[in-house]
2 protein chains.
Amino acid sequence: MGKAYTPATAAADVETVFKRLGGRWKLLILFHLFGGQVQRYSDLERLMPGISPKMLAQQLRQLEHDGIVARQVYPEVPPKVEYRLTDWGQALCPALDALLRWDAARDVDAAVAD
Amino acid sequence: MGKAYTPATAAADVETVFKRLGGRWKLLILFHLFGGQVQRYSDLERLMPGISPKMLAQQLRQLEHDGIVARQVYPEVPPKVEYRLTDWGQALCPALDALLRWDAARDVDAAVAD
DNA sequence: CGGTATCCCCTACGATACTG
DNA sequence: CAGTATCGTAGGGGATACCG
C-alpha cells in the first residue's frame, strides 16, 4: 500500500524534491545526463555556455550528495572526472515527463474551456 | 505525436513549472485545494499557521495569474472570496504524485543497491 | 473579511582570480 | 583538467502596520 499524506506532508515532500532539483543549472545538467549519458566536467562546461566553474562544481556536488548523480575520478594526469546518473536519478525521467505533459496541456485546457 | 525537446528546452520548460509552483507556500495551498475543495481566504489563513496576509495574497495572485487557481468574489458585506483549482490546476495532481513516488523510491533503490 | 504598503534581511547566484 | 576562494549583488521572503 502507499504512503499516507496530509496536505502538509505532501507539500513538504514535494518541496524537498523541488529543493533537490531547484538549483539554477541542475535541470540542465540532468537533461544532459538522461538516457545513460556520461559526461566529463569539461563536456558539461562546453554544453552549458555561461556557467561559471564555481556554479558547475557546486551544482554537481549537491546532486552527488543527494544521490542523483554519480562522480567517478580516474587517477590520471591530466585529471579525468566523469559524471552520470544513478539509477534513482535516471528514475526522475518519467516524473519530469509528467510535469512537461502538464505544462503542454495548458493551451489544450484553455481551448476546451472556450 | 509529442513535442520535440532538446536538453535546453526541456530544462527550461521544467524550470518554468518549478517557478510557477515554487513559491514558499504555493504547494501547501494546492494540496489544500486538490480534489475539488473550495476554501475562503480566511480558511487558508487558518489552515496555514505562520503565513502572513501579504504572502497568502501574493501566492494566490500568482497562482491565479498562472491559471492554476480560480478566484471568486461574492459582492456581500462582509466580503467573501473563494478559491478553487482550475481544471488545469487539478491536472497537476498526477504529476506531483509522480514526484512523490520518485521521492519515496529513494530508500527502495538504496536497499536494492546493497 | 480580505486584503495593501513598507521596511529589512538572507541567501542563491554571478564574476573573477587562483591552485593541485 | 578540474576544480576552490573571495567578493559583490538582486529579489524572494518575513514582520508589522494600515485600509475599503
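All chains are named by letter (A, B, ...) in the order of the sequence lines, taking the proteins before the strands, and each is independently numbered beginning at 1.
- Among residues two or more places apart in sequence or in another chain, the side-chain contact (heavy atoms from CB on, under 4.5 Å) test is passed with B:A70 by B:R84, B:T86.
- Within the 4.5 Å cutoff, the side chain of A:L96 has heavy atoms near those of the A:L27 side chain.
- Shown are A:E82, A:R40, A:K80; of these, the side chain to side chain donor-acceptor pair (under 3.5 Å) with A:Y74 is made only by A:E82.
- Looking at residues two or more places apart in sequence or on another chain, you find a side-chain contact (heavy atoms from CB on, under 4.5 Å) between A:V73 and A:R71, A:V81.
- Taking the C1' atoms of five terminal pairs at each end of the helix from C:dC1-D:dG20 to C:dG20-D:dC1, the two resulting helix axes are inclined by 50°, rounded to 10°.
- Scanning for ring-ring contact (aromatic ring centres under 6.0 Å, His included) contacts around A:Y41 gives an empty result, with sequence neighbours left out.
- When every heavy atom of B:A98 is checked against every heavy atom of A:A98, the shortest pair comes out as CB-CB, 4.3 Å.
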With 3.5 Å as the limit, what N/O pairs link the protein to nucleotides 18-20 of chain C?
none

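- Distance, A:D43 CG to D:dA2 C1': 12 Å, rounded to whole Å.
- Straight-line distance from the CD atom of B:E45 to the C1' atom of D:dA15: 14 Å, rounded to whole Å.
- For B:I68 against B:W88, the heavy-atom pair with the smallest separation is CG1-CZ3, 3.8 Å.
- Between B:S42 and C:dC1 there is no side-chain polar atom (N or O) within less than 4.0 angstrom of OP1 or OP2.
- What separates CD of A:E82 from C1' of D:dC1 is a distance of 13 Å, to the nearest Å.
- Legend: residues meeting side-chain contact (heavy atoms from CB on, under 4.5 Å) with A:T9, ordered by chain and number and at least two apart, are A:Y5, A:T6.
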Considering only distance and modelled atom types, tabulate donor-acceptor pairs under 3.5 Å from the side chains of residues 10-25 of chain B, sequence neighbours left out.
from, atom 1, to, atom 2, distance (Å)
B:D13, OD2, B:K3, NZ, 3.0
B:T16, OG1, B:A12, O, 2.9
B:R20, NH2, A:D103, OD1, 2.3

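- For DNA chain D, the residues of residues 23-41 of chain A within the heavy-atom distance limit of 4.0 Å (strictly under) are A:R40, A:Y41, sorted by number.
- For the pair B:L60/B:E64, no side-chain contact is recorded, criterion being any heavy-atom separation below 4.5 Å from C-beta on.
- Rounded to whole Å, atom P of D:dG13 lies 13 Å from atom CZ of A:F18.
- With values rounded to the nearest 0.5 angstrom, A:I29 atom CD1 is found 5.5 Å from A:L56 atom CG.
- The interatomic distance linking B:K19 (NZ) with D:dG12 (C1') rounds to 13 Å, in whole Å.
- Under the ring-ring contact (aromatic ring centres under 6.0 Å, His included) criterion, A:F34 pairs with A:F31, not counting sequence neighbours.
- Residue pairs meeting the side-chain hydrogen bond (donor to acceptor under 3.5 Å, both in side chains) criterion with at least one partner in residues 44-59 of chain B, sequence neighbours excluded, are B:D43-B:R46.
- Residues of residues 52-76 of chain A that place a heavy atom closer than 4.0 Å to DNA chain D, in numerical order, are A:P53, A:K54, A:A57, A:R61, A:R71.
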